[in-house]
Amino acid sequence: MPNISLEDSLKQLAIDSKIIQKLNNNHIIKIKDLWQLKRKNLKELGLTDTEIKHITIKLQLHSIDLNKKIYTKS
């Protein structure tokens, strides 16, 4: 799995294009923009629980989580 940067496009996370479109419509273009948000913020943008779970899993695969969390790989 390639290393990603917070400055990379959301497409680097391999999130479904439908979800990326919803995020882009709300001016969330980079991973950094998404990483700063909380689950509640995503709900307010109109994303479903399933979509938020999909996003969370894709972020966690790269040791990142919502609400500015980064996990170190041991």
Side-chain angles (χ1 to χ4, degrees):
M1 194 171 306
N3 290 335
I4 62 166
S5 162
L6 294 177
E7 295 298 324
D8 287 341
S9 166
L10 292 175
K11 293 178 182 179
Q12 296 292 332
L13 295 174
I15 296 174
D16 291 341
S17 59
K18 190 174 172 183
I19 298 172
I20 289 177
Q21 186 62 42
K22 282 185 182 181
L23 293 169
N24 288 344
N25 289 343
N26 288 288
H27 309 291
I28 300 167
I29 309 299
K30 296 183 179 186
I31 296 171
K32 179 178 167 182
D33 302 330
L34 177 62
W35 171 69
Q36 297 175 9
L37 300 176
K38 297 178 182 178
R39 185 184 246 318
K40 181 180 176 184
N41 302 124
L42 293 174
K43 292 282 276 184
E44 290 170 355
L45 295 177
L47 277 85
T48 65
D49 286 330
T50 305
E51 292 171 330
I52 294 170
K53 186 174 181 177
H54 178 75
I55 291 168
T56 303
I57 290 169
K58 294 296 185 172
L59 286 170
Q60 288 175 346
L61 287 172
H62 295 283
S63 301
I64 303 172
D65 205 349
L66 295 173
N67 200 20
K68 297 184 182 180
K69 293 180 187 170
I70 295 180
Y71 303 104
T72 56
K73 297 179 183 177
S74 303

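Remember, it's a predicted structure, so these values are computed and weren't measured experimentally. Along the sequence shown, residues are numbered consecutively beginning with 1.
How far OG of Ser9 is from CD1 of Ile29: 8.0 Å, rounded to the nearest 0.5 Å. For the atom pair Lys58 NZ and Gln12 CD, the distance stands at 12.5 Å (nearest 0.5 Å). Taking CD1 of Ile52 as the start and CG of Asn41 as the end, the distance is 9.5 Å to the nearest 0.5 Å. Distance check, rounded to the nearest 0.5 Å: CG of Asp16 to CD of Glu51 gives 8.5 Å. Rounded to the nearest 0.5 angstrom, Ile31 CD1 and Lys11 NZ are separated by 12.5 Å. One distance of note links NZ of Lys53 with CD1 of Ile57; it measures 5.5 Å at 0.5 Å rounding.
Inter-residue side-chain proximity for Leu42 and Leu34 is flagged as met; some heavy-atom pair is nearer than 4.5 Å. For the pair Asp49 and Lys43, the minimum side-chain heavy-atom distance is below 4.5 Å. With contacts defined as side-chain heavy-atom distances shorter than 4.5 Å, the pair Asp65/Gln60 qualifies. For the pair Leu10 and Asn24, the minimum side-chain heavy-atom distance is below 4.5 Å. In this structure, the side chains of Ile20 and Leu13 stay at 4.5 Å or more apart for every pair of heavy atoms.
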Go through Leu23 and Asp33 one step at a time and tell me if the side chain to side chain contact (heavy atoms under 4.5 Å, CB included) criterion holds.
-> CA-CA 9 Å; Leu23 293 169; Asp33 302 330; over 6 Å; no
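Put simply, the side chain of His62 never gets that close to the backbone of Ile4: no donor and acceptor are under 3.5 Å apart. In this structure, Trp35 contributes its side chain and Asn67 its backbone to no donor-acceptor pair below 3.5 Å.
Partners of Lys40 according to the side chain to side chain contact (heavy atoms under 4.5 Å, CB included) rule, which considers only residues two or more places apart in sequence or in another chain, are Glu44. Lys30 meets the side-chain hydrogen bond (donor to acceptor under 3.5 Å, both in side chains) test with Glu7; sequence neighbours excluded.
Shown are Ile55, Leu37, Asn26; of these, the side-chain contact (heavy atoms from CB on, under 4.5 Å) with Leu47 is made only by Ile55.
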